[in-house]
Structures are given as structure tokens and as C-alpha cells.
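Below is one structure, written out as C-alpha cells, with a few remarks after it.
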Amino acid sequence: MTNKKIVIVGGGIAGMEAAASLSEHGYSITIIESKASLGGNVANWHKLFPTLRDSSEVIDYLTKRIDNPQIYTRTNSKVENITRTNGRFSVEVSGATLDADAVLVATGYDLFDSRRKEEFGYGIYDNVISSADLEQRFKTEKPITTANGSEPKRVAFIHCVGSRDEKAGNHYCSKVCCVTGVKQAIELRQRLPRTEIICFYIDLRMFGAGFEELYREAQEKWGIQFVRGRLSEAAENMDGSLQIKAEDTLSGRPLKMRTDLIVLLAGMEPSCGTVALGKNLGLEQRMGKFLQPKDEHFLSNKSSIEGLFVAGTCTGPMTINETITDARSAVVMIDEYLKK
Amino acid sequence: MKNFGFSVQPPRYIDIDNFDGRILMYVLQKEPSFNICMSCGCCTATCSASNILDFNIRKLGLLLRRGVSEELEKEINKCMLCGKCTLVCPRGINTRNVILNIKKALTKIDENEL
């Protein structure tokens with residue numbers, strides 16, 4: 001046992017996993033979470049790629065792991081300032097000040113706000129929804145319908161919304177939306193077997209174990225169609241359906257299509273907390289305002305401030321597996337640092 | 001000679017080894033953003049000319065980057081320079097300026113300046 005204290009900023013899956021693992025090393029942990037409950041973005045999702053496992057399984061697993069007297073959680077709390085004097089940190093949180101020997105930043109990501117792509121019509125047309133909206137609809141188990149309650153005959157999934165897009169200020173690839181689109185297309189098809197589903201993509205990046213297989217299953221078993229072309233613009237028809245313009249780049253011809261529902265696969269952006277902390281602490285940033293680790297390959301969980309570590313999607317887009325692995329890797333680095 | 005009705009067709013392959021890069025190099029110098037196209041097709045999808053004519057600005061640019069510039073002059077004149085392609089480009093390429101400079105390069109070739 002040790003009396004050393006660690007403050008973890010952010011109670012998503014990275015913060016939870018790191019807390020559980022650090023407590024096993026004998027440290028005392030405080031998790032600071034700005035929302036009312038832990039779990040971060042994963043708690044808003046219904047099922048996970050590529051296995052279609054229920055996201056609550058991940059949250060339940062981590063919740064059990066942090067059920068430990070050495071881990072204290074402060075929800076509805078915001079970090080106002082972090083200062084380092086004589087090798088120790090003072091973390092100001094909603095009126096209180098916490099001492100810490102090390103700080104782990106696990107402030108994660110926010111989903112891109114699709115309203116910023118005005119030409120796609122989110123927030124303007126009723127039948128344009130985001131991938132997060134679709135997960136919420138899956139969760140309620142109500143039938144998936146258009147805004148007027150009818151069964152959609154055709155649904156279009158739009159990849160790269162707010163990713164690889166200079167005009168949205170995000171030139172990077174959010175990397176998990178490709179497989180999320182394929183997963184959601186399959187789930188939608190399972191609920192609506194008569195609905196035609198077409199995905200519009202620039203490149204399909206099926207990099208993870210089981211991702212390519214899921215893509216193949218989408219084609220082979222579920223008859224999902226894929227068009228290589230990015231959505232240029234969407235417009236609403238008189239009856240509330242939508243008109244899509246893209247280029248079918250593989251045939252080299254412009255394509256127009258009527259669809260009843262559009263699902264926008266929103267990308268990842270550094271969360272408000274990630275941006276604020278990065279600015280406040282003067283941390284180096286990359287890919288917009290994600291946090292830059294001290295060394296890309298060897299010190300991926302260290303920041304430019306000694307004793308302050310980073311884990312999870314505050315450094316860039318990651319899958320759940322990667323986030324959990326990254327959190328564990330941060331634990332090793334923090335433990336090495338505190339034992340010095 | 002007896003005419004059998006056959007003729008020798010020019011090869012269809014893209015000949016990277018005999019790359020005539022004069023137009024490409026000129027355009028890249030004037031508009032370096034032309035390098036970063038990812039062929040998403042937004043420009044062609046929104047193109048005012050593409051909807052009525054056999055004209056594909058993305059493909060034209062791609063062929064130019066491959067050193068293929070046959071019929072470029074005829075093709076490029078289909079563009080009305082409305083600039084919608086520039087508005088929608090997610091990579092922020094000034095496609096309108098690319099087209100303008102292709103036209104300039106073609107003029108310069110005609111006048112033996114390139």
C-alpha cells in the first residue's frame with residue numbers, strides 16, 4: 001500500500017479503467033466527471049462494433065471494477081485549474097482543492113455537431129439524423145420510421161461527416177465511423193428487412209480485427225449497397241423525403257437519389273474539457289486540439305508536464321479496445337513515475 | 001493491300017514513363033492545393049455542367065495528374081467557372097483556380113511558352 005494520490009480528469013471508459021487498475025497498485029484515486037454519471041460517450045451508444053455487443057456490458061464491467069474504497073468519484077464537477085508546485089499537483093474542482101502526486105487527463109472526445117455541415121441539412125430537415133440519434137432510437141426499441149411515422153423505403157448513410165473536412169476545421173480521419181456505419185446499416189436492415197440501405201463513403205477504413213468481416217457480412221448477408229462518393233448536398237422534397245447529390249466516383253458519373261432518411265456518421269472532436277485543459281495547461285496539441293503525447297511511439301501517455309499523463313481519446317480518435325489498452329498503458333507509466 | 005477492316009488501336013494504358021507534365025507542373029505551381037485531392041467526387045456531384053454534359057472535373061484532374069491530357073482543351077471549355085466545386089471541396093482545393101490555370105497552360109503551350 002502507498003499513500004500516494006492520483007486525480008483522474010474524466011470518467012469515461014479510459015478514466016474508469018485507469019482508476020481500477022491504479023487502485024490495484026495501491027494508489028488512492030479521485031475521478032472527476034463533469035456529467036452526472038460515469039461512462040462518457042460509450043454510455044450513449046446502444047451496441048458496439050464489430051460484435052454487436054451491448055454497450056452496457058462494458059459500462060457494467062468497468063462500474064464493478066471501480067467499486068472500491070480507494071476510488072472516490074466526484075460527478076457534476078469541473079476542473080477549474082491545475083497547478084504543479086514542488087512535484088505535487090493542486091487540482092481545483094468546483095470550489096474544492098485536491099492534492100495529487102500525479103494527474104491523468106482522460107477527457108475524451110465530443111461527437112461532431114452535424115449542424116455545422118449545413119449543406120447536409122441536419123437540424124434543418126426532419127429526416128436527417130445523426131449516428132448518435134440512431135443509437136438512441138435503437139435503444140428505445142421503437143420502430144425506426146421517418147418523421148411522419150412511415151417505414152422508410154430507402155436510407156442513406158453518409159460517412160466522414162465532420163472528418164477529413166477542411167471546411168469543418170477537421171482534416172483528420174475519425175477512423176471509427178466507417179465501421180460504425182456498417183454496424184448501424186446491418187442493425188437497421190435487421191429491423192427493416194424491406195428497406196434499401198446505401199452507404200456513401202470516400203474510403204472504407206476497416207482496420208480492426210473483425211471490421212473487414214463485418215463489411216463483407218453487410219454486403220453478403222444483408223445486401224447493403226456501397227457507393228464510393230461523398231455527399232455533396234442534400235435537399236428536401238415537398239413530401240419530406242430528401243434528394244441527395246454525390247458523384248459515383250467509380251463509374252465517374254454524377255448521381256442523384258431520393259431517400260426517406262439520412263444518417264450522418266458524425267466524427268470525433270476533442271471534447272470541451274480536452275480543449276480547455278490543453279489551453280489552460282499550455283499542453284502541445286495535434287490534429288486540431290487533441291493532446292500531443294510526449295513521444296508518438298514510446299511515451300504515448302506522457303504529456304509535456306512531468307507527472308501529468310494522458311489516456312484515451314483526448315489524444316485522438318480510438319476504438320473502445322484501444323482506449324482500454326491505452327488506459328492500462330498509462331497506468332504502467334504512472335506507476336513507474338510514482339515509484340521513482 | 002487488301003483491307004480486312006482491322007486497324008491498329010493506340011494503347012489504352014496510362015503511360016507513366018512518358019509523362020508529359022507541362023500542364024500539371026504549371027497548375028501545381030500556381031495552385032499547389034491541387035495536389036491534395038482525395039477523389040471524393042463532391043466537385044462533380046455539384047457541378048452545373050456535369051448535370052447536362054459529359055463532363056467530370058474530378059476525373060479530368062485525376063487524368064491530368066496521371067499525365068493524360070488528350071482532349072483536355074475541348075473538355076475544359078465545358079466548365080462555366082461557376083465555382084460551386086470550390087465551395088463544396090472538403091480538402092479546401094481551389095478547383096476553380098485549377099481550371100483557370102489549366103486554360104492558361106493550354107494557351108501557353110499553343111504559344112510555345114511551356
query = Which residue out of B:Arg91, B:Lys84, B:Lys59 racks up the most heavy-atom pairs below 4.5 Å with chain A?
reply =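 Looking at each of B:Arg91, B:Lys84, B:Lys59 in turn, B:Arg91 comes out on top.
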ask   = chain A: which of B:Cys43, B:Cys42, B:Ser39 shares the most heavy-atom pairs with it under 4.5 Å?
value =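 That would be B:Cys42.
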In terms of heavy-atom proximity below 4.5 Å to chain A, should [X] be classed as side chain, backbone, both, or neither?
{"X": "B:Arg58", "answer": "side chain"}
{"X": "B:Cys89", "answer": "both"}
{"X": "B:Leu62", "answer": "neither"}

Are side-chain N/O atoms of [X] and [Y] paired as donor and acceptor at under 3.5 Å?
{"X": "A:Ser251", "Y": "A:Asp248", "result": "yes"}
{"X": "B:Thr86", "Y": "B:Thr95", "result": "yes"}
{"X": "A:Asp260", "Y": "A:Ser241", "result": "no"}

query = Does A:Glu247 come within less than 4.0 Å of A:Lys256, counting only side-chain N to carboxylate O?
reply =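 Result for this pair is no, no salt bridge flagged.
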key: Structural part of A:Leu231 lying under 4.5 Å from a heavy atom of chain B   =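 Backbone only.
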request  = Sort A:Glu119 into side chain, backbone, both or neither according to what part of it lies under 4.5 angstrom from a heavy atom of chain B.
outcome  =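 Contact with chain B is absent: no heavy atom of A:Glu119 under 4.5 Å.
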inquiry  = Among A:Thr249, A:Asp165, A:Ile202, which residue has the highest count of heavy-atom pairs closer than 4.5 Å to chain B?
reply    =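 Highest number of heavy-atom pairs under 4.5 Å: A:Thr249.
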key: Option among A:Glu212, A:Glu213, A:Glu220 that satisfies the salt bridge (charged side-chain N to carboxylate O under 4.0 Å, His left out) test with A:Arg216   =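 Single salt bridge (charged side-chain N to carboxylate O under 4.0 Å, His left out) partner of A:Arg216 among A:Glu212, A:Glu213, A:Glu220: A:Glu220.
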key: Stepwise side-chain contact (heavy atoms from CB on, under 4.5 Å) check, B:Arg96 with B:Asn94   = CA-CA 6 Å; B:Arg96 191 174 179 276; B:Asn94 190 340; 3.9 Å; yes
